[in-house]
Every structure is written in structure tokens, then in C-alpha cells.
**Student:** 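I have a structure I would like to understand better, so I am pasting it below and will then ask my questions one at a time.
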Amino acid sequence: MYFKKELAEILFDALEGEIPVQDLERLIEKPKNSEHGDLAFPCFTLAKVKKKAPSQIAQELSGKIQSDTFIKVEVVGAYLNVFLNKKLVAEQVINEIIAQKGDYGSQKVGQGGIVTIDMSSPNIAKPFSMGHLRSTVIGNSISLIMEKCGYKPIKINHLGDWGTQFGKLIAAYKRWGDVEKVKQNPIKELLALYVKFHEEAEGNPVLEDEGRAWFKKLEEGDIEALSLWQWFRDESLKEFSRIYDLMNVTFDSYAGEAFYNDKMDRVVKILMEKQLLTESDQAQVVLLEEEQLPPCLIKKSDGATLYATRDLAAALYRKENYQFVQSLYVVGHEQSLHFKQLIAVLKKAGFDWAEEMVHIPFGMMLKDGKKMSTRKGKVVLLEEVLKESIAIARKNIEEKNPNLVNKDEVAKQVGVGAVIFHDLKNNRMNDIEFSLEEMLRFEGETGPYLQYTYARACSILRKGNWQVTLTEKYKASWEKEWKVVSMLMNFSNVVNRACENYDPSQVAKYIVDLAQAFNKYYAEVKVLEENEERYARLALVYSVTVVIKEGLRLLGMEAPEEM
RNA sequence: GUCUCAGUAGCUCAGUAGGAUAGAGCAACAGUUUCCUAAACUGUGGGUCGGAGGUUCGAAUCCUCUCUGGGACGCCA
């Protein structure tokens, strides 16, 4: 809210400095009910200091608020309800939006600081499931929001491209694989080989040894193993990038697990030098008793490293390579303990910057109330869901707007938008029960609803021949527009809060509220009616399009001008 | 067992660093297109905010305990 500080200062003077301005500002709130004005100041806490009844204090203060911006003050019980000068404020807000366009709501708090974001991170040779969707979509939106707040995000796709599983995959391919089949449908074919390997291995333990042997060869740099691994990786990545393209997600780095292979000895050495390693059951661990955490496993009893070791190496590399001010990990809540341990180990090793690392957890995609398992093949594939969603969008266009020119493009934007928004609209931590029906709902609080609102607004602007002009003299009281205006005013606060809390749902909910307010407005007000307020109304409609479009962009969604 | 997340309308969820009568969407029912795209809008019904204590002028929100469900807890990531 723009004017909190201003009101706080006036109250500060009125109270003759008895209470610090910051405290006053914190007490000021936005009333839920618009009848209670635009800002409210409850006087309960003052009652103790002043030793007077709260309502009496409110009464006394009300006389002392004189300002062009605060045009009316009402006392209701212990509350001081303050009303803004609608004309002054509305025109200020709208001119700001017209001048700044997409930059409206941008901030500088980040001061160009680099923030690495570990996100998406699918496993090579495995399908891109709905589970990976969350990390991708949440991470992408956080990167956009942080960028808007002045940070410089670096998106890192920490691919699962190393491990014993690749030995098994190579072994399976050598036995039953077919070049052409893999080329045609890489992930499906590789997954089939992987599944077959496990099935066969149950009755034939030789296979396990074969798999291990191939992974050993891979680690030792065997040409054949390495080239097969490279090939699987390339093919998988090709398939993943189809999905990323569809969702408009890009990465600054694809350095995955394999990348850190040669960087782990150093980590072990550092931990050894600092005497943090302890032997336990032939394995090397870092004890974290003082931190009240279970020990962190660094080396297996056979000397091999583990994912904690790899993540430590990655953390070091990222700090040295990027000099981040924050390092974010958008990874499921199941791994919360792992990240606590990771940060604790780094701190113990004397790396103070470990405090700049933040795990951003999120709830799981559930199927029938349970975690989805890749093993049973019952996993839901993201690409199929997206295709289905696009098809439904396409069908809707055919029904509702058959004359639309670029139907395929719009269907893509709407279909993908529905899936993205469904994931972002709620608190990250909530588990999501997978439901196609729910996800592909296009009415109510959904992505398509927001895009539709935007398209309608654009349509009005087209019909009204709206041209962007600055500092036009408006002729309007802004009474009916006020609710929308006050929401537009709040945009930067919302962005700010979303950034501080790494929470895209704040933005998502805000756009829904804005869209609802706007839909209500133009359902009862005829924007294009020829009278002296027409220009002001069009300016408002334009402002709404700017903010909705920018809000959607921050979620990673597109805003078609017609649909 | 320890740690952790969640529990608000039939369903899915909001509830802004405790505040004024607890809000949306979906579903149900009843309406709105000679009028800017009905993917919209209007109205109706629906709640012991899991439970019990406590702090406070004031608690869905903070503290303690408790119940229910999810998840994690050394050689997978």
C-alpha cells in the first residue's frame, strides 16, 4: 500500500512523537470491507500508553489528519478509518502504469545480486513426470519474480545424469537394445529397457554384476560406455527440451550430477582437513549432533560417494563460479532433511555463505492419496497432459470463437497456461492430488479465466481505438473504478511479498482478485459509452491489461490478445 | 520413536508479519446476451476455523498439550 508511510507520519506528528513512526506504520491496516475506507488505524494499543479509551483517542486523532491525499476520516469505535482522495490517487496510479508499462511494479531491492536457482532436474532416460512439473514451474516463476525485484537469476537444471542406473541401462541396451527404436522414441525405449533389466535381474543375478561393471567402465572413462551415456543423455535432453519449449522455460546451465564427478575428491579432502569426517560402520560421515541432526553420509563403505557429496561439491562450485548472494533449491519437501544437513555441514566446514542457501520445498503430486511411482509405469506424463490441455483449449476456441486467426498458437498458450496456473495458484506446501479434470478446468479461478479477462479487456481497447497518451486530463470521479484502481496500486507490494517468501501463489491470487474486480466492473459499466468519462475508463482498462499481462508473465504464462 | 508439513463450507483452497459481521472458486439451485467475446456476470443455500487449555482489550492466526493424515530419518537421489 502506497500511503501507509504518509499516514504514519501524520499520526506521528499528531501524537507528538510519542510512538515511533515504524510502529505506527505497522499498525496501519487495509480494511477488508471497503466501507471502512482505504486505510485503518486501530487505537487499542494506544489506550495503554495514553491511558484513555481507544474510541476517545480515535476521536481526537481524527481532527488532526489534514492532507490532500487523505480526504475523509471516520471514527468507528476504536478505529480510525481513512479515505483516499480517489481522483488524485487514481490518476497518479494510472499515469504511472501508462508511463512504465511492463516495468510497473519493478523494484531494485536485489541490486543486481546473483541468485542461482536449482530447479526442474529430471532424470535422464526417465520420463518427465508431473512431479518434475512442480519444480520447473515454481522455479521458473521465482526466477521471474526475483528478476523483477532486481536480482539476477541463474537457472540451473541439475540433471540426474549419473549413477549405477546408467551402468544398468548400458548393460540392458547391449543385450536387447535397438538403435533405430531408441532414436525414434528415446525415453520410452530407454525406460522399457530399464524396466526389462529389473524384471530379468530378479531371476538372473548376473545382470546386476553386468550393470555394476558397466558403471565402473563409465567412471573409468571407457570410450564405448561414455559414448553410449552421451548418446542417451543427448536424446533425453532433446525430448525434455520439447517440453521446456512448450512451457517457455529456459536454463542457464545444464550442469548435472555427472558434471561434479571430478569435483568431489576436493570436498572429501576439505572435510578431512577440517577433521569433520568420522568413520561409522566403515562409512565416512559428518556428525551433526550439536545441530540436532542425524549424521550426514559422505562416503559409502566401499568408498563411493553419495548425493550429499555431490551436492556439497555443487554448492562450492556455484559459490565460486557465480558468487551468488542467494542459492535456491526448488526441490520437494521430502528432501528437507537432506538440505538441512547440507547447510549444516558447510557451516561446520567454515563456509559462512551456507546461510545464503535456501531450500524451497513444495508438496507432492499424489495419485490416489499416495506418492506416484515411476516403477510401475503408472506415472502420468507431463507431455500428455499438456497435449490434452491444448486439445481442450482448441476445442473451446472452435466452439466459442471460430473466426480466430491463430487458433493453434492461442490453444497452446491457453492449454499450457491452465496447467501452469493450476500448479501455482495454491501454497507450495500443499500436496496436490492429481486430477486431470481439476487441472483442465477452464472456468472459475483458472489460468484461462485470467487470459479471457485479458482478452476481453484488449477487445474493448481495440473497439475504443485506444491510443496510449500520457498525462491526459481525466474527467472522472473514479467512484466505480475505485476497487480496481486500489488493486492496481497494490501490485508492487504483492510482487515484493512474493519475492521475499519465494511464493508465486501470491501473484497468482492477486491476478485472480484483480480479474474478478475488473470483470465485475465492466459487467456493470459501459466502457465505450460516449461521454466525458470515456477516456478515463479506457485508461483504466489499459492499466488492467498491463498489470494482468505482467502478472501472468511472472508466473510464466502468456497472455493472448484474443481467444 | 524423533523430526517435519498439513487439518477452515459437500469438494479444492484464500485468509496479507493477532484486529471490525471468517472469504473465493467448483458442485447445487434461480437468473442475466436487440448491450464492449456467456471461458463472463448477478443472486440463494451451506462453517463448533480438527480438539482442549493458555497469552491478549481482541486468536483461524501466537504458546503448550492432544487427535488425524502425508513425508523424512547411513550406504538411492
Side-chain angles (χ1 to χ4, degrees), chain A residues 1 26-27 29-33 36 40 42 44-45 47-48 54 76-79 81 121 123 160 162-165 257 280-285 292-302 304-308 310-311 331-338 340-341 361 363-364 366 369-371 393 396-397 399-401 403-404 414 418 425-427 429-433 435 438 441-453 455-464 490 493-494 497 500-501 505-506 509-510 512-513 515-516 519-520 522-529 541 562-563:
Chain A
M1 176 67 75
R26 215 182 38 208
L27 283 168
E29 59 194 63
K30 189 181 175 182
K32 287 178 205 153
N33 191 334
H36 292 141
F44 301 104
T45 33
K48 266 185 229 149
V76 182
Y79 284 88
N81 293 331
S121 312
N123 294 320
W162 203 252
T164 344
Q165 72 234 34
E257 293 170 9
S280 161
D281 294 334
Q282 278 121 38
Q284 296 292 319
V285 304
Q292 294 184 311
L293 292 169
C296 181
L297 237 82
I298 302 296
K299 266 192 156 182
K300 299 203 261 189
S301 47
D302 66 0
T305 54
L306 285 124
Y307 71 119
R310 232 184 314 268
D311 274 353
V331 181
H333 178 236
E334 317 90 270
Q335 294 197 39
S336 287
L337 178 60
H338 165 67
K340 273 188 196 162
Q341 291 177 312
M364 292 192 296
L366 303 176
K370 282 183 188 167
K371 199 172 173 173
N396 280 333
I397 292 168
E399 257 170 46
K400 296 168 199 240
N401 195 358
N403 296 323
L404 189 69
V414 174
K425 73 174 168 183
N426 293 136
N427 185 328
M429 291 304 288
N430 296 346
D431 288 341
I432 299 179
E433 170 67 30
S435 151
E438 191 74 29
R441 185 164 270 156
F442 284 19
E443 283 151 25
E445 298 166 333
T446 65
Y449 169 81
L450 302 176
Q451 290 168 320
Y452 178 74
T453 306
R456 287 292 302 270
C458 287
S459 167
I460 293 172
L461 292 177
R462 276 194 305 274
K463 298 215 160 140
N490 236 339
N493 277 5
V494 171
R497 215 171 60 226
E500 280 173 8
N501 301 324
S505 78
Q506 299 286 336
K509 274 170 269 200
Y510 168 81
V512 169
D513 289 342
Q516 281 174 343
N519 278 325
K520 219 161 269 191
Y522 85 81
E524 64 183 49
V525 176
K526 194 104 173 75
V527 175
L528 294 177
E529 194 184 339
V541 174
E562 287 180 71
M563 66 184 266

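Note on naming: letters A, B, ... go to the chains in the order of the sequence lines (proteins, then strands), and numbering restarts at 1 for each one.
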**Student:** Look at all strands and tell whether Ser336(A) reaches a base, only sugar-phosphate, or nothing, counting heavy atoms closer than 4.0 Å.
**Tutor:**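 Ser336(A): no heavy atom of the nucleic acid under 4.0 Å.
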**Student:** Looking at Lys520(A), does any N or O in its side chain come under 4.0 Å of the phosphate oxygens OP1/OP2 on C41(B)?
**Tutor:**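 Indeed not, no polar side-chain atom of Lys520(A) lies that close.
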**Student:** Output the distance between atom NE2 (His338(A)) and atom CG (Leu297(A)), rounded to the nearest 0.5 Å.
**Tutor:**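 With rounding to 0.5 Å, NE2 (His338(A)) is 12.0 Å from CG (Leu297(A)).
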**Student:** Could you tell me how far apart Asn430(A) (CG) and U8(B) (P) are, to the nearest whole angstrom?
**Tutor:**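 So the CG-P distance, Asn430(A) to U8(B), works out to 11 Å.
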**Student:** Just by modelled atom types, is the Ala455(A) backbone N or O under 3.5 Å from a matching donor or acceptor in the Glu562(A) side chain?
**Tutor:**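 Checking the backbone N and O of Ala455(A) against the side chain of Glu562(A), no donor-acceptor pair under 3.5 Å is found.
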**Student:** Please measure how far the C1' atom in A22(B) lies from the corresponding atom in G58(B), and state the result in whole Å.
**Tutor:**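 15 Å, rounded to whole Å.
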**Student:** For U34(B), which nucleotide in any strand shown is its Watson-Crick or wobble partner with both distances under 3.5 Å?
**Tutor:**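 Partner of U34(B): none found under 3.5 Å.
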**Student:** Drop me the distance from Glu443(A)'s CD to Tyr452(A)'s OH, to the nearest 0.5 angstrom.
**Tutor:**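 Taking CD in Glu443(A) and OH in Tyr452(A), the distance rounds to 11.0 Å.
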**Student:** For A27(B) and G69(B), measure between their C1' atoms and round to the nearest Å.
**Tutor:**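 Per the computed distance, 25 Å lies between those C1' atoms.
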**Student:** Which whole-number value in Å describes the distance from Glu524(A) CD to C35(B) C1'?
**Tutor:**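 About 15 Å, once rounded to whole Å.
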**Student:** In whole Å, measure the gap between the P atoms of G53(B) and C49(B) for me.
**Tutor:**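 Taking atom P in both G53(B) and C49(B), they lie 13 Å apart.
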**Student:** OP1 or OP2 of A22(B) sitting under 4.0 Å from any side-chain N/O of Lys32(A)?
**Tutor:**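 No.
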**Student:** Tell me whether the side-chain N or O atoms of Asn426(A) pair up with the base of U12(B) as donor and acceptor below 3.5 Å, since no angle test is needed here.
**Tutor:**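 Absent.
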**Student:** What interatomic distance, in whole Å, is found between C1' of G15(B) and the corresponding atom of C75(B)?
**Tutor:**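 Rounded to whole Å, the distance is 45 Å.
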**Student:** Within the structure shown, what part of the strands sits under 4.0 Å from Asn403(A) by heavy-atom distance: base, sugar-phosphate, or nothing?
**Tutor:**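 Here Asn403(A) touches no strand at all.
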**Student:** For the residue pair Lys300(A) and Thr305(A), what are the closest heavy atoms and their distance?
**Tutor:**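 Scanning both residues, the minimum pair turns out to be CE-O, 4.2 Å.
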**Student:** Given A14(B), U37(B), U16(B), which nucleotide is nearest the side-chain atoms of Arg497(A)?
**Tutor:**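 Taking heavy atoms from C-beta onward, the closest nucleotide is U16(B).
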**Student:** For His36(A), what residues pass the side-chain hydrogen bond (donor to acceptor under 3.5 Å, both in side chains) criterion, not counting sequence neighbours?
**Tutor:**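 side-chain hydrogen bond (donor to acceptor under 3.5 Å, both in side chains) check on His36(A) returns nothing, list empty.
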**Student:** Looking only at N and O atoms, is any donor in the side chain of Asn427(A) or the base of A6(B) less than 3.5 Å from an acceptor on the other one?
**Tutor:**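 When only heavy-atom distances are counted, Asn427(A) does not reach the base of A6(B) through any donor-acceptor pair under 3.5 Å.
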**Student:** I need the CD-P distance between Gln506(A) and A14(B), as an integer number of Å.
**Tutor:**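 So the two atoms are 10 Å apart, to the nearest Å.
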**Student:** Which nucleotide, if any, forms a Watson-Crick or G-U wobble pair with A6(B), using both distances under 3.5 Å?
**Tutor:**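 Paired with A6(B), as far as the under-3.5 Å criterion goes, is U68(B).
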**Student:** Take atom NZ of Lys526(A) and atom C1' of U34(B), then tell me their distance rounded to the nearest Å.
**Tutor:**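 Going from Lys526(A) (NZ) to U34(B) (C1'), I get 12 Å.
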**Student:** What closest approach, in Å, do Ala283(A) and Lys299(A) show between heavy atoms, and which atom pair accounts for it?
**Tutor:**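 Shortest heavy-atom separation between Ala283(A) and Lys299(A) comes out as CB-O, 3.3 Å.
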**Student:** Can you identify which nucleotide, out of C57(B), G71(B), A20(B), has its nearest atom closest to the Ala40(A) side chain?
**Tutor:**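 Nearest nucleotide to the side chain: A20(B).
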**Student:** May I ask you to say what Val331(A) touches in the nucleic acid, namely base, sugar-phosphate or nothing, with a heavy-atom cut-off under 4.0 Å?
**Tutor:**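 No contact.
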**Student:** What is the nucleic acid contact for Lys463(A), judged by heavy atoms within less than 4.0 Å: base, sugar-phosphate only, or nothing?
**Tutor:**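 Contact class for Lys463(A): sugar-phosphate only.
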**Student:** If we take the C1' atom in both U8(B) and G51(B), what is their distance in whole Å?
**Tutor:**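 Approximately 14 Å lies between the C1' atom of U8(B) and that of G51(B).
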**Student:** Mind listing the closest non-hydrogen atom pair of Val414(A) and Met563(A) along with its distance?
**Tutor:**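 So the minimum-distance heavy-atom pair works out to CG2-CE, 4.1 Å.
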**Student:** Under 4.0 Å between any heavy atoms, over every strand shown, what does Leu450(A) touch: base, sugar-phosphate, or nothing? Just pick one.
**Tutor:**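 The residue Leu450(A) makes no contact with any strand.
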**Student:** Among G70(B), C57(B), A38(B), find the nucleotide with the atom closest to the side chain of Asp431(A).
**Tutor:**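 Of the candidates, G70(B) comes closest.
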**Student:** Could you give the distance separating C11(B) and A28(B) at their P atoms, to the nearest angstrom?
**Tutor:**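 These two P atoms come out 16 Å apart once rounded.
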**Student:** Would U34(B) be called syn or anti, given that syn covers angles within 90° of 0?
**Tutor:**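 Anti.
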**Student:** Taking protein heavy atoms under 4.0 Å as touching, what does nucleotides 72-77 of chain B look like 5' to 3' if B marks base contact, S marks sugar-phosphate-only contact and - marks none?
**Tutor:** SSBBSB
**Student:** Could you check which of C36(B), U21(B), A38(B) has an atom nearest any side-chain atom of Asn33(A)?
**Tutor:**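 Per side-chain heavy atoms of Asn33(A), the pick is U21(B).
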**Student:** With RNA chain B as reference, determine whether Met364(A) or Val414(A) sits nearer its 5' end, using the nearest nucleotide of each.
**Tutor:**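 Final value for this comparison: Val414(A).
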**Student:** Whole angstroms only, please: what is the NZ-C1' distance between Lys509(A) and G23(B)?
**Tutor:**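 Whole-Å distance recorded here is 13 Å.
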**Student:** What is the distance, rounded to the nearest whole Å, between atom CE of Met563(A) and atom C1' of A38(B)?
**Tutor:**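 The distance from CE of Met563(A) to C1' of A38(B) comes to 13 Å, rounded to the nearest Å.
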**Student:** Name the residue closer to the 5' end of RNA chain B, choosing between Glu29(A) and Ala393(A) according to the nucleotide with the nearest heavy atom.
**Tutor:**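 The residue whose closest nucleotide sits nearer the 5' end is Glu29(A).
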**Student:** With respect to the side chain of Tyr522(A), which nucleotide from C36(B), A20(B), C57(B) is positioned closest?
**Tutor:**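 Looking only at heavy atoms from C-beta outward on Tyr522(A), the closest nucleotide is C36(B).
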**Student:** Encode nucleotides 26-31 of chain B as B, S and - characters from 5' to 3', where the letter depends on protein heavy atoms closer than 4.0 Å: B to the base, S only to sugar-phosphate, - to neither.
**Tutor:** S-----
**Student:** Go ahead and name the base partner of C29(B); Watson-Crick or wobble counts if both distances stay under 3.5 Å, otherwise write none.
**Tutor:**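 Its partner is G43(B).
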**Student:** Working to the nearest 0.5 Å, report the span between CD of Gln282(A) and CD of Gln284(A).
**Tutor:**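 Going from CD on Gln282(A) over to CD on Gln284(A), the span is 10.5 Å.
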**Student:** Is a donor on one side and an acceptor on the other found under 3.5 Å between the side chain of Asn519(A) and the backbone of Ala515(A)?
**Tutor:**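 Checked: pair present.
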**Student:** What distance, rounded to whole Å, do you find between the two P atoms, one in A24(B) and one in C41(B)?
**Tutor:**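 Taking atom P in both A24(B) and C41(B), they lie 13 Å apart.
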**Student:** Under a 3.5 Å cut-off for both distances, is G1(B) Watson-Crick or wobble paired, and to whom?
**Tutor:**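 WC or wobble partner is C73(B).
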**Student:** If the cut-off is 4.0 Å, is Lys425(A) near the phosphate of U12(B), judged by side-chain N/O to OP1 or OP2?
**Tutor:**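 No, outside the criterion.
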**Student:** Using the P atom on both, measure G1(B) against C65(B) and round to a whole Å.
**Tutor:**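 Comparing P positions in G1(B) and C65(B) gives a spacing of 15 Å.
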**Student:** Do the side chain of Asp302(A) and the main chain of Ala304(A) share a donor and acceptor less than 3.5 angstrom apart?
**Tutor:**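 Yes: the side chain of Asp302(A) pairs with the backbone of Ala304(A).
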**Student:** Starting from C1' on A39(B), measure out to CG on Leu404(A) and report it in whole angstrom.
**Tutor:**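 Value for this atom pair: 13 Å.
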**Student:** Who passes side-chain hydrogen bond (donor to acceptor under 3.5 Å, both in side chains) against Gln506(A), sequence neighbours left out?
**Tutor:**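 Gln506(A) satisfies side-chain hydrogen bond (donor to acceptor under 3.5 Å, both in side chains) with Arg497(A), Asp503(A) once adjacent residues are dropped.
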**Student:** Could you please spell out the steps behind the side chain to side chain contact (heavy atoms under 4.5 Å, CB included) verdict for Glu445(A) and Gln516(A)?
**Tutor:** CA-CA 9 Å; Glu445(A) 298 166 333; Gln516(A) 281 174 343; 4.2 Å; yes
**Student:** If you compare every side-chain N and O of Asn519(A) against the phosphate oxygens of A39(B) (OP1, OP2), does one of them come in below 4.0 Å?
**Tutor:**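 For A39(B), OP1/OP2 do not have a side-chain N/O of Asn519(A) under 4.0 Å.
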**Student:** Please report, rounded to the nearest Å, how far the C1' atom of A17(B) is from the CD atom of Glu500(A).
**Tutor:**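 That distance rounds to 10 Å.
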**Student:** Which residues satisfy the side-chain contact (heavy atoms from CB on, under 4.5 Å) test with Asp431(A), sequence neighbours excluded?
**Tutor:**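 Asp431(A) satisfies side-chain contact (heavy atoms from CB on, under 4.5 Å) with Met364(A), Leu366(A) once adjacent residues are dropped.
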**Student:** For Arg462(A), give me all partners under side-chain hydrogen bond (donor to acceptor under 3.5 Å, both in side chains), at least two apart in sequence or on another chain.
**Tutor:**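 For Arg462(A), no residue satisfies side-chain hydrogen bond (donor to acceptor under 3.5 Å, both in side chains) once neighbours in sequence are set aside.
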**Student:** Side-chain N or O of Tyr449(A) less than 4.0 angstrom from OP1 or OP2 on U37(B)?
**Tutor:**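 Answer no for this pair, as no side-chain N or O of Tyr449(A) is under 4.0 Å from OP1 or OP2.
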**Student:** Just name whichever nucleotide pairs with A22(B), Watson-Crick or G-U, keeping both distances under 3.5 Å, else none.
**Tutor:**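 Result: none.
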